[in-house]
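Heads up, the thing below is written out as structure tokens.
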Amino acid sequence: MSASTKPRDNWGSKLGFVMAAAGSAVGLGNIWKFPYTAGDNGGGAFVVIYLFFVIFIGFSVMLTEFAIGRRTQKSAVGAFKSTDRRWTFAGVIGVTSGLLIMGFYPVVGGWAIAYIAKVGTGLLSAPEAIGDSFGGFISDPIQPLMWMAFYLFLNIVIVMKGISGGIEKAGKILMPLLFIILIIVSVKGLMLPGSMAGLEFLFSPDFSKIDSNVILAALGQAFFSLSLGMGCMMTYGSYLKKKENLVQTTAMVTAMDTGVAILAGVAMFPAMFAFGMAPTAGPGLVFVVVPQLFAEMGGIIGLLLALMFFIGLSVAALTSSVSLLEVVVSYLIDEKGLSRVKAVITASSVMAVLCIFASLSLGGVGPTLFDTGAFDIFDLLTDKIFLAVGGMLVCIFAGWRLKREDLEDEITNGGEVKFPLFGLWYALVKFIIPVAIAIVAFMGISSGFDSGKGAIMLLGVGIIAGAALISKKF
Ligand code: PHE
């Protein structure tokens with residue numbers, strides 16, 4: 001039976017929706033990716049550009065996705081398809097992004113769960129070995145795979161239970177816990193001698209460090225962190241009740257997501273500088289700095305806080321990855337007529353295969369493209385190209401394919417909600433954001449050619465163009 005003949009599940013409560021959408025947004029993107037990406041891209045200046053993109057592009061795109069989702073009552077692909085078949089590819093690119101992000105996200109989610117076990121079995125008792133232990137762990141062929149499989153299994157269980165049962169409950173209970181732990185970690189880090197240099201690195205911008213790579217990285221980070229550009233928030237919006245205030249919801253989700261990212265930066269950088277570690281530590285940053293910090297504290301308190309931190313991180317990761325899985329699953333249910341169980345099994349099997357390649361690539365095993373392994377390819381394609389271009393397509397679709405009156409009607413709940421900035425939002429969506437993204441992506445790709453990255457990003461653009469050409473087939 002196709003989902004269109006069934007009444008659509010609704011979010012149990014308003015808070016439930018905000019927490020579930022925030023649960024999707026707040027995840028590894030904030031706590032694992034944001035700090036090391038900021039570190040790799042020069043610190044303060046990256047943060048300023050990132051915040052700029054969040055406010056002017058992220059907010060607008062999220063509002064657009066919620067509006068389209070609720071208007072059409074369909075998930076990513078159906079929302080486009082039901083309006084204009086030629087636009088189906090935009091949704092399909094979103095589903096593809098979901099698959100590809102889930103081709104590496106569970107690998108890192110698995111690390112987070114593994115660290116609960118590692119902390120519990122004495123990781124903190126030898127602080128000098130924490131860095132090497134991470135390097136050794138992720139390049140091991142077998143261990144990370146088992147944790148990844150366990151992580152993916154948890155996703156499958158949650159998504160099989162359906163929307164209000166699984167996702168909402170997980171989000172509501174566990175997000176506040178994570179927030180509190182991050183505050184404790186931050187305070188602890190800031191108390192260490194030499195920590196102020198970390199704050200300075202994070203917040204005093206040195207604009208000489210900006211180039212087109214940094215700008216594209218900031219744009220990609222904004223999209224990734226806010227779960228935008230792939231129909232995820234569109235799918236969530238399709239389950240949102242007609243009476244909810246979209247503008248307020250968007251503002252709350254954006255603020256929470258950005259708050260957690262900045263807080264994660266504050267939790268990480270002061271401690272790093274105090275420990276004399278380089279800010280360019282890469283993807284291992286959170287797995288090295290945080291345990292070190294708790295080892296420093298010592299005793300049972302250090303141990304308990306470390307345990308709680310990695311439990312919180314795993315849960316934050318889970319509430320995000322279930323939303324990624326949900327995008328692919330909704331597509332299979334709504335468009336291909338699969339049952340929920342079959343859809344979950346199909347989607348997660350493909351993801352498992354991608355994750356095996358991604359995990360092995362970190363130990364130097366498996367195929368490479370332009371000297372880049374699977375983990376980095378999936379990350380580059382999605383974070384640097386698919387999400388940003390996906391967001392651009394969402395804006396073009398809303399601005400040029402939907403009617404202004406319909407959008408206004410949807411966003412203001414038929415005139416009930418005041419949104420004085422509607423005109424500005426509309427101009428951003430229709431003209432400014434598509435042009436801005438095109439420029440940032442073009443410049444980022446061109447300068448990426450210094451390494452193999454430009455070629456992979458160009459490949460991403462090619463895939464999107466190809467999908468557009470055969471759009472009616474999806
Ligand atoms: N926003 C999530 C995070 O920060 C990742 C994500 C991206 C989830 C895109 C859904 C869609 O971890």
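Ligands are counted one by one from 1 in listed order, and the atoms in each one are counted from 1 as well.
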Checklist outcome for this item: In this structure, CD1 of I181 is separated from CG of L313 (nearest 0.5 Å) by 9.5 Å
Close N/O pairs between ligand 1 and protein, under 3.5 Å:
| unit_1 | atom_1 | unit_2 | atom_2 | d |
| --- | --- | --- | --- | --- |
| ligand 1 | 1 (N) | S24 | O | 3.3 |
| ligand 1 | 1 (N) | A25 | O | 3.0 |
| ligand 1 | 1 (N) | F224 | O | 2.7 |
| ligand 1 | 1 (N) | S225 | O | 3.1 |
| ligand 1 | 1 (N) | S227 | OG | 3.0 |
| ligand 1 | 4 (O) | A25 | O | 2.9 |
| ligand 1 | 4 (O) | G29 | N | 3.2 |
| ligand 1 | 4 (O) | N30 | OD1 | 3.3 |
| ligand 1 | 12 (O) | L28 | N | 3.1 |
| ligand 1 | 12 (O) | G29 | N | 2.8 |
| ligand 1 | 12 (O) | Y105 | OH | 2.4 |

Next on the checklist: Just by distance, no angles: are the side chains of S321 and Y151 close enough, under 3.5 Å, to form a donor-acceptor pair?
Outcome noted: yes
Checklist entry - Of V61, D257, L387, which is the lone residue that meets side chain to side chain contact (heavy atoms under 4.5 Å, CB included) with L226? => result D257
Next on the checklist: Checking S447 against S212: is there a side-chain donor and acceptor pair closer than 3.5 Å?
Outcome noted: yes
Checklist entry - Side-chain donor-acceptor pair under 3.5 Å between S75 and S330, yes or no? => result no
Checklist entry - Do the charged groups of E65 and R70 touch, with an N to O distance under 4.0 Å? => result no
